[in-house]
2 protein chains.
Amino acid sequence: MQSEGLLRVTGDDGERTDAARNRRLLLDAAAEIVAACGAEKLTTDAVARRAGVGKGTVFRRFGSRAGLLHALADEAGRSFQQAFMAGPPPLGPGAPPLDRLIAFGEASIGRMLLDGQILRAAEQQGGPDPEHPTQQLVRLHLGMLLRELGVQDPELAAYQLAAFLNAGLLLHLQEHRGMSDARLAASWRVLVTGLAAARDTR
Amino acid sequence: MQSEGLLRVTGDDGERTDAARNRRLLLDAAAEIVAACGAEKLTTDAVARRAGVGKGTVFRRFGSRAGLLHALADEAGRSFQQAFMAGPPPLGPGAPPLDRLIAFGEASIGRMLLDGQILRAAEQQGGPDPEHPTQQLVRLHLGMLLRELGVQDPELAAYQLAAFLNAGLLLHLQEHRGMSDARLAASWRVLVTGLAAARDTR
DNA sequence: GAATAAAACGGACCGTGGTCCGCTTAAGTT
DNA sequence: AACTTAAGCGGACCACGGTCCGTTTTATTC
């Protein structure tokens, strides 16, 4: 006994049980393949085969290879999200906004070593998508801190900062240019400090 | 009578005449297709067919679809390069570095309307490539100006600024977020001004 | 426990980027 | 002008992302 007019909202998220099961199977299979061969070797065929489902299912569940990678990255990054939204200062709430901004940058940089591969693969597939929920959340967070700092046009400034914190660039600087996390963090500090200072410069 | 040991450096750029001819044919064909249908419709098959050459030739000349698009973008952007390297101030040499930085950002933003489509297509294809000669030139220029300003780690700061000036982001902000060039330019001004101010803040 | 309809499934199929390799052609040599 | 050789050439071929549609499963109603 459960009906909303003609709609059919059954499971937890309105997702049929087999659908939910296959989502998990696919995510697990994908994580295994990435762990074993790297994110760039993750083909939609392979993940479908490994999960024991048809290829079409991959696309119905995740829309695209990029969607699958994003889902994977989001799972990996959920704890990070938790940390900057509700964790202890200075990353979480409680510290002054400038300190939180600095901590956010440092955490993002440090995170790259962990699951930068997935993040990068998710980004480049079909061009970076600034409208992805996770990206929006990041910008929302940055925008809030920038607003607290009194920065002009915090929304746009958030785009600027987020542009630098993307995995493709950060990983490139670390791997191909041999830049240390310390150096990246220092430069980030200068950038946000400058932005904060520009407030009263004009 | 022309030999360098075993090497064979014949034409202008060591490129055989037929090779040079096909490069031009391909670039022209590509430009026509882009003009007619947009950059995203540019397939390697189509450009080869239109130029009257085999598909392999596209890849030997340009390496990839991205390479072709980059070559196209470079041709379109040559005058811009000229302008900021040797043109009149404030974009070209002669003006104070901060003014030149601001002018550079404004010019980049304004340029997007013109050939942003091609630039974006070139970027997203296979992930942005920070090592592409044109990108390197841009960063070299930015780095020089930042150095003159006394910014810490100008090389890395150049990466940060360049990250914001990419076509994918700028076009997204213009098209999907309806941001005016003026607003983008203002935010750019704040960013570089802040960077310049951070010099003596620490 | 039928009946039913929406949702999910699978895998054949297609378009496109990129590779490969046997053939051709341009340039230098004698 | 004949010869040599590296560069260039073309298009068949392959891999992978993404679509489509006939079939199967799930949840609900009676």
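Letters go in sequence order (proteins before strands), and every chain restarts at 1.
- Note on B/L42: only backbone sugar-phosphate atoms sit closer than 4.0 angstrom, heavy atoms only; bases stay farther off.
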Atom pairs, N/O to N/O, protein against nucleotides 11-14 of chain C, distance under 3.5 Å?
unit_1	atom_1	unit_2	atom_2	d
C/dG11	N7	A/G56	N	3.4
C/dG11	O6	A/G56	N	3.4

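- Using modelled atom types, one finds a donor on one side chain and an acceptor on the other under 3.5 Å when comparing A/D181 with A/Q174.
- Nearest to the side chain of B/F59, among D/dT25, C/dT19, D/dG18, sits C/dT19.
- C/dA7 atom P lies 18 Å from atom CZ of A/R21, rounded to whole Å.
- Straight-line distance from the CD atom of A/Q125 to the P atom of C/dG17: 14 Å, rounded to whole Å.
- Donor-acceptor pairing under 3.5 Å is recorded for the side chains of A/H172 and B/E131.
- Put simply, CG on A/D45 is 14 Å from P on D/dT19, counting in whole angstrom units.
- Rounded to a whole Å, the CZ atom of A/F62 is 16 Å from the P atom of D/dT19.
- The CZ atom of B/R49 sits 12 Å away from the C1' atom of C/dG15 (whole-angstrom rounding).
- Residue B/T44 places none of its side-chain N or O atoms closer than 4.0 Å to OP1 or OP2 of C/dT16.
- Between A/R100 and A/E106, no side-chain nitrogen of the basic residue sits less than 4.0 Å from a carboxylate oxygen of the acidic one, so the salt-bridge criterion is not met.
- For the pair A/T43 and D/dC16, the criterion of a side-chain N or O lying under 4.0 Å from OP1 or OP2 is not met.
- For B/R16 against C/dA27, a side-chain-to-base donor-acceptor contact under 3.5 Å is absent.
- Following rounding to the nearest Å, A/L69 (CG) and D/dG18 (C1') show an atom-to-atom distance of 15 Å.
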Worked verdict on A/T134 versus A/D74 for side-chain hydrogen bond (donor to acceptor under 3.5 Å, both in side chains): CA-CA 7 Å; A/T134 303; A/D74 284 359; 2.8 Å; yes
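- Listed pair B/R23 / D/dG8 fails the phosphate criterion, with no side-chain N or O lying under 4.0 Å from OP1 or OP2.
- The distance from atom CG of B/N22 to atom P of D/dG11 is 12 Å, rounded to the nearest whole Å.
- Atom CD in A/E15 sits roughly 10 Å away from atom C1' in C/dA8 (whole-Å rounding).
- Listed for the A/T57 side chain is no donor-acceptor partner under 3.5 Å among the backbone atoms of A/V53.
- The two residues B/I109 and B/L170 have their closest heavy-atom pair at CG1-CD2, 4.2 Å.
- Using a 4.0 Å cut-off, some side-chain N or O of B/R65 falls inside it from OP1 or OP2 of C/dG17.
- Between A/R61 and the phosphate of C/dA8, there is a side-chain N or O to OP1/OP2 separation shorter than 4.0 Å.
- Judged by distance alone, with hydrogens and angles left aside, the side-chain atoms of A/R78 form no donor-acceptor pair with the main-chain N or O of A/A73 at under 3.5 Å.
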